[in-house]
**Student:** 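Below you will find the structure I want to go over with you.
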Amino acid sequence: MVILDMVSEKIIEERLKALRSTIALHDFHYYVQDAPIIPDADYDVLFRTLQQLEQQYPHLITPDSPTQRVGAPPLKVFTRLTHQTPMLSLTNAFTEDEAIAFDKRIREALNVDQVNYAVEPKFDGLAVSLVYTNGILTNGATRGDGYTGEDITLNLRTIPSIPLRLQTASAINQFEVRGEVVMLKADFEHLNEQQRNKGEKLFVNPRNAAAGSLRQLDSNITAARKLTFFAYDAVLSHKNQPLFSKHSAILDYLKSQQFLVAQQSGMTTGVAGLLAYYHEMSTLRLSLPYEIDGVVYKVDNLTQQETLGYVSRAPRFAVAHKFPAQEASTKLLAIEIQVGRTGALTPVARLAPVFVGGVTVTNATLHNEDEVQRKQIMIGDTVIVRRAGDVIPEVVAVILEQRPAHAQPFIMPDHCPACGSKAARLPGEAVTRCTGGLYCPAQRKQAIWHFASRRALDIDGLGEKLIDQLIDCELVHTPADLYKLNIDTLAGLERMAEKSARNLVTAIEHSKRTTLPRFIYALGIRHIGEATAKALANQTSDLDRLMTLNIEQLQQIPDVGPVVAQSIADFFSEAHNREVIRQLLSSGLQWEVANHDAQQLAQTNSAVSGKTFVLTGTLPTMTRDQAKIKIEQQGGKVTSSVSSATSYVVAGSDPGSKYTKAIELSIPVLDEDQLLSLLQNISIDAQQGN
DNA sequence: TTACCTCGAGCTCA
DNA sequence: CTCGAGGTAA
């Protein structure tokens, strides 16, 4: 009997296996090849047969079964997943000249006349990584910061163009596929039509629809959205010898494993080939089934790729050549004045909504008075607005021919629109400032917001709207007034019933335990950011003493020059400010007094102490904040801009202009490993051999 | 900067 | 059902 069961079960198992691979094959033809080879009805029969059989023999269900794409219960939260190999981002080229320069750099570095390139469209979607263990899809994650992303395995499993198992599992036991999840234009239109019929909110563009669908905690909702995965790279996390010698071979392999690879991917030679491809794709752009925002060029030969290596963890062998930013014209309805925390008055263009670069733009900063004059902008003008990807919208120019007769010139107000105080522009400065100080409600609101912000006293739940109300109802004038709030005074405000009021009071209470640097930073003294606040706290650890220092004494503090010293002295000489501090302390604000001597000792002994660091880009294993803490623990300083006073620039992936600046000033650039070594007192010179 | 998801909690109306 | 706050991605 038992033997018979085993035999029949063996047969069932074989049958299940056959059904699964047949269905997977048809999925491939349907979703990847876009050319089904059997009628839908026949497919349904196969699928139902499999479902029924699995229902009968639930213990024979495998995770790679096509029936297992959906049905998991919703998650509570997304957990984070660390990428085995960082997901780097590409450097961008915005002009043909930059593309030409890319090719030139490559040829010179490789010392060859001509280079073979793999070229492909740059999808406008979400980058994800898929990990196959022994041929089975086990993990999928968003790109995140490049090092850790969110675990969206369950959502990715629902995407039909993602194979749940590889065709040839044996070759590689751990295999990572990278690509982009997009929503095809047609599927996007269809989804929005559905949303419209259901009276639900429309998605603004395919990328956001795809992002929104992937962010669902309930993968069943994701499954209902039609998403498509395009593979464009594979990583072997193995230490054994490379299985491929060319990028194009990787793509061929991916195709053989039934991944969808963009049809427009191809090969070309030399810079002429690159530019020809760029033009070809910009012509094809509108007719493609998915959205793209440029093209990608990669050196095809993997050995050459390796030779070229990485610039602070962005590959030197590849570049994204972006299409020009999209532009649209619209009416400039008004120029409003925004009052910043320091009283800076910034003109902001209010625009008639225009859809440009995939989003609706309604306002754009005009920076300052001179900018408005330079561009000859008048209220009522028709202007050209530009937006590219994640770039902040910008008023490019005025269409002078379309200027209406009633167009009004912009005049920088000489009084603050929020409080009526005089506004002044100091000679040599670009900004106009409200002189009202904390008398000005707009500045007061920002002061409170700054005080409560995460990096300052971190009062949870005290958001913008609430601050508006507190100031407008005159419940709060200074940060000290926050600590006088109680459930009764809060009650009656909008969206403030008992529960919210209690939560806020608790959060405020919680903020009383803080640190001196946070407190100094929270005061919002001009020119005092986090770094200087720490320097000050380090110097005195005694607020009372700090308050009495004169300008000369203040300048003795490292990092404090005449401007900063003046600003600090001015702040503390205001009776009003001293009173606020007194009130804050008497309402119970407190911090640990750091043990100075011990710290000082550690600092002088470290290779890092007294050195000034600038962090840029994303580091592989820590956040910039964590790196900052580590450096500061050993007496180093972390600042935000590169100058000749900078000792080291620590660059992660996707570094900003600080990296370029470092090269210009020939300041040593470290990666995370080198920083960590330095923190362990291993000299960089020894590492670099010079 | 914009868009989207999620959560807690308040508001509205039955 | 709607709003505000907080977080993420490009």
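In what follows, every heavy atom counts, from backbone to side chain, and hydrogens, waters and symmetry copies are set aside. Quick note on labels: first sequence line is chain A, next is B, and so on, each numbered from 1. The structure displayed is predicted, hence computed values, not measured ones.
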**Student:** Taking atom C1' of dC7(B) as reference, at what distance in whole Å does atom CG of Leu75(A) sit?
**Tutor:** 16 Å
**Student:** For the residue pair Pro315(A) and Lys298(A), establish whether any side-chain heavy-atom pair is separated by less than 4.5 Å.
**Tutor:** no
**Student:** Out of dA3(B), dT1(B), dT2(B), which nucleotide sits closest to the side chain of Ile392(A)?
**Tutor:** dT1(B)
**Student:** Among the candidates dC5(B), dT1(B), dC7(B), find the nucleotide nearest to the side-chain atoms of Leu217(A).
**Tutor:** dC7(B)
**Student:** Within the structure shown, what part of the strands sits under 4.0 Å from Arg495(A) by heavy-atom distance: base, sugar-phosphate, or nothing?
**Tutor:** base
**Student:** Charged N to carboxylate O below 4.0 Å: is that the case for Asp468(A) and Lys465(A)?
**Tutor:** no
**Student:** So, OP1 or OP2 of dC4(B): does either fall under 4.0 Å of a side-chain N or O from Gln216(A)?
**Tutor:** no
**Student:** So Gly149(A), base contact, sugar-phosphate only, or nothing? Heavy-atom distance under 4.0 Å.
**Tutor:** nothing
**Student:** Expressed as a whole number of angstroms, how long is the span from Asp218(A):CG to dC4(B):P?
**Tutor:** 19 Å
**Student:** Heavy atoms under 4.0 Å, any strand shown: does Ala364(A) hit a base, just sugar-phosphate, or nothing?
**Tutor:** nothing
**Student:** Counting C-beta onward and ignoring hydrogens, is there a side-chain heavy-atom pair between Asn197(A) and Gln194(A) closer than 4.5 Å?
**Tutor:** no
**Student:** Separation of Phe78(A) atom CZ from dT6(B) atom P, in whole Å?
**Tutor:** 7 Å
**Student:** So, does Lys201(A) get its side chain near the phosphate of dA3(B), meaning an N or O under 4.0 Å from OP1 or OP2?
**Tutor:** no
**Student:** Compare side-chain N and O positions of Asn363(A) against OP1 and OP2 of dT2(B) and report whether any pair is under 4.0 Å apart.
**Tutor:** yes
**Student:** Give Gly144(A) one of three labels, base, sugar-phosphate or nothing, depending on what nucleic acid heavy atoms sit under 4.0 Å from its own.
**Tutor:** sugar-phosphate
**Student:** Expressed in angstrom and rounded to an integer, what is the separation of Leu470(A) atom CG from dA5(C) atom P?
**Tutor:** 11 Å
**Student:** Checking contacts here: which listed nucleotide (dG8(B), dA9(C), dC7(B)) is nearest the side-chain heavy atoms of Thr142(A)?
**Tutor:** dA9(C)
**Student:** dT2(B) P sits how many Å from Asp124(A) CG, rounded?
**Tutor:** 17 Å
**Student:** Please report the distance, rounded to the nearest Å, between CG in Leu493(A) and C1' in dC3(C).
**Tutor:** 15 Å
**Student:** Here's a test of your reading of the structure: between Lys76(A) and Asn205(A), which maps to the more 5' nucleotide of DNA chain B?
**Tutor:** Asn205(A)
**Student:** Whole angstrom is fine here: how far is it from CD in Glu464(A) over to P in dG6(C)?
**Tutor:** 11 Å
**Student:** Answer with base, sugar-phosphate or nothing: what part of the nucleic acid does Arg454(A) contact at a heavy-atom distance below 4.0 Å?
**Tutor:** sugar-phosphate
**Student:** Pair Phe123(A), Tyr290(A) - check ring-ring contact (aromatic ring centres under 6.0 Å, His included), show working.
**Tutor:** CA-CA 8 Å; Phe123(A) 297 96; Tyr290(A) 42 78; 4.9 Å; yes
**Student:** Answer yes when Lys445(A) and Asp472(A) have at least one side-chain N-carboxylate O distance shorter than 4.0 Å, and no when they do not.
**Tutor:** yes
**Student:** Nearest whole Å is fine: how far is dC4(B) P from Leu126(A) CG?
**Tutor:** 13 Å
**Student:** Could Arg196(A) and Glu193(A) be called an ion pair, given the rule that one side-chain N must be under 4.0 Å from one carboxylate O?
**Tutor:** no
**Student:** Heavy-atom nearest nucleotide on DNA chain B for Ser213(A) versus Ala497(A): which residue maps closer to 5'?
**Tutor:** Ser213(A)
**Student:** If you only use heavy atoms from C-beta on, which nucleotide in dA3(B), dC7(B), dA5(C) is closest to the side chain of Lys465(A)?
**Tutor:** dA5(C)
**Student:** For the side chain of Asn208(A), starting at C-beta, report the closest nucleotide among dA3(B), dC5(B), dT1(B).
**Tutor:** dA3(B)
**Student:** Report yes if a side-chain nitrogen or oxygen of Ser500(A) is closer than 4.0 Å to either non-bridging phosphate oxygen (OP1 or OP2) of dG10(B); otherwise report no.
**Tutor:** yes
**Student:** Which is true for Thr360(A) with a 4.0 Å heavy-atom rule: it touches a base, it touches only sugar-phosphate, or it touches nothing?
**Tutor:** sugar-phosphate
**Student:** Side chain of Glu150(A) only, heavy atoms from C-beta on: which candidate in dT8(C), dT1(B), dA5(C) is closest?
**Tutor:** dT8(C)
**Student:** Does some side-chain heavy atom of Leu351(A) sit less than 4.5 Å from a side-chain heavy atom of Leu332(A)?
**Tutor:** yes
**Student:** From the list dG6(C), dC5(B), dA3(B), which nucleotide is the closest neighbour of the side chain of Asp460(A)?
**Tutor:** dG6(C)
